[in-house]
Amino acid sequence: MTIRVLLADDQALLRGTFRMLFEAAEDMEAVGEAANGREAVELARARRPDVVLMDIRMPELDGLAATRLIGGAEELAAVKVLILTTFEDDEYVAEALRAGASGFLGKGARPEELLEAVRTVAAGEALLSPAATRGLIRRFLAQPEPCAAAVHERLECLTRRERDVVGLVALGLSNEEIAGRLFVSPLTAKTHVNRAMTKLAARDRAQLVVIAYQCGLVGPAAGPSGAG
C-alpha cells in the first residue's frame, strides 16, 4: 500500500524538500501541502491522508491546535499526525501527545529516519520508543489534569492482562518486547494491544500511553501497576 502524506509547514522550501523525499520513496506519495494549521485541517478533510507531517509553529493556527481538530474529528479517525519541529521542547512533546499526535520527531532527523517514522505512524504504532521520549512522557503525563470518570469506567472493562499490556505500551515497549516480558507470543501481545485500543476507543498506541499515565495505570517511576 502507498502511504499518503500531507505536508504542513509554513516554509515552502521545506515542504518542497519533503515532497521530493516522499515522492522518491516507492511506498509513499505527497497528497498536499499546507502553509498553516487551518489549511492542514481543511486538506486533511479533503484529501484524507494516512499521515499528516505537522510543524508546530505556523501562522493562523498552530500545529498543536490543528492536531487537536484533526484528532477530535470522527471522520478523520484514520488520519495520523506526526509532529516535526525544530522546537524539541519537553512541553511541546507532552502537549503534542495530549493533542492526539502519534509521534514526534525533530527536524534534525536524517531523511531515512523521517521515512521510517512515517511508516511507523502509518502502521498504527507510536513513535515513542527512544528512552528520552519515554522520560518526557513519564515527566509530563504522570501528573496531568484529573482523568475523567468516564475513562476510569472504561479502564474497568480491561482484563488484568490487558492492563499489564497497556502499561508496557506506555513504557515504550514494542509487541515483541511485551511478548518477551509476559512470556507470550508477539501475536498474542498484539491481540491484547488491539483489544485494549478497541475497548478504550484509542486511535493508536500513543493514545494508549496518554490514557495509561492520565489514569494512573502507570506511574512516573514505577512500571505498570499490577504487572508481574
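Just so it is clear, the values below take in all heavy atoms, side chains as well, and ignore hydrogens, waters and symmetry mates.
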For [X] and [Y], which heavy atoms make the closest approach, and how far apart are they?
X    : Y    : answer
N175 : A189 : O-CB, 3.6 Å
P49  : A44  : CD-O, 3.6 Å
A117 : L105 : CB-CD2, 3.8 Å
V52  : A8   : CG1-CB, 4.4 Å
P186 : A179 : N-CB, 3.6 Å
R47  : G32  : NH1-CA, 3.6 Å

Are L53 and L6 close enough, and set up right, to give a side chain to side chain contact (heavy atoms under 4.5 Å, CB included), and what steps lead you there?
CA-CA 6 Å; L53 189 63; L6 172 64; over 6 Å; no
Listed by chain and number, what are the side chain to side chain donor-acceptor pair (under 3.5 Å) partners of R68, not counting sequence neighbours?
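R68 satisfies side chain to side chain donor-acceptor pair (under 3.5 Å) with E95 only.
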Gap separating the [atom1] atom of [X] from the [atom2] atom of [Y], nearest 0.5 angstrom:
X    : Y    : atom1 : atom2 : value
L84  : L14  : CG    : CG    : 8.5 Å
L182 : L168 : CG    : CG    : 5.5 Å
F22  : L114 : CZ    : CG    : 4.5 Å
M28  : R4   : CE    : CZ    : 14.0 Å
N36  : D55  : CG    : CG    : 11.0 Å
I211 : M197 : CD1   : CE    : 9.5 Å

side-chain hydrogen bond (donor to acceptor under 3.5 Å, both in side chains): pairs with one or both residues in residues 20-33, sequence neighbours excluded:
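Found R15-E33, R19-E33, D27-R119.
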Which residue pairs pass the side-chain hydrogen bond (donor to acceptor under 3.5 Å, both in side chains) test when at least one of the two sits in residues 184-195, sequence neighbours left out?
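Listed by first then second residue: S185-T188.
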Taking the side chain as every heavy atom from C-beta outward, state whether R110 and E113 have any pair of such atoms under 4.5 Å apart.
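Contact flag for R110/E113 side chains = yes.
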Before giving the answer on side chain to side chain contact (heavy atoms under 4.5 Å, CB included), spell out for I56 and F104 the whole-Å C-alpha distance, their side-chain angles and the decisive distance to 0.1 Å.
CA-CA 10 Å; I56 286 184; F104 189 100; 4.0 Å; yes
Can I get a per-line list of side-chain donor-acceptor pairs under 3.5 Å for residues 69-83, giving both atom names and the distance, sequence neighbours left out?
unit_1: E75; atom_1: OE2; unit_2: R45; atom_2: NH1; d: 2.3
unit_1: K80; atom_1: NZ; unit_2: R203; atom_2: O; d: 3.0

Side chain to side chain contact (heavy atoms under 4.5 Å, CB included) against A66, all qualifying residues, sequence neighbours excluded
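Scan of A66 (side chain to side chain contact (heavy atoms under 4.5 Å, CB included), adjacent residues dropped) gives V41, M54, L61.
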Those residues that, when tested against E60, pass salt bridge (charged side-chain N to carboxylate O under 4.0 Å, His left out) (two or more places apart):
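Testing E60 for salt bridge (charged side-chain N to carboxylate O under 4.0 Å, His left out), a comparison that skips the adjacent residues, returns R38.
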Evaluation steps, side chain to side chain contact (heavy atoms under 4.5 Å, CB included), between L158 and K199
CA-CA 7 Å; L158 297 180; K199 290 181 179 180; 3.9 Å; yes
Might you work through the side chain to side chain contact (heavy atoms under 4.5 Å, CB included) test for I3 and V5, ending with a clear yes or no?
CA-CA 6 Å; I3 301 172; V5 185; 4.1 Å; yes
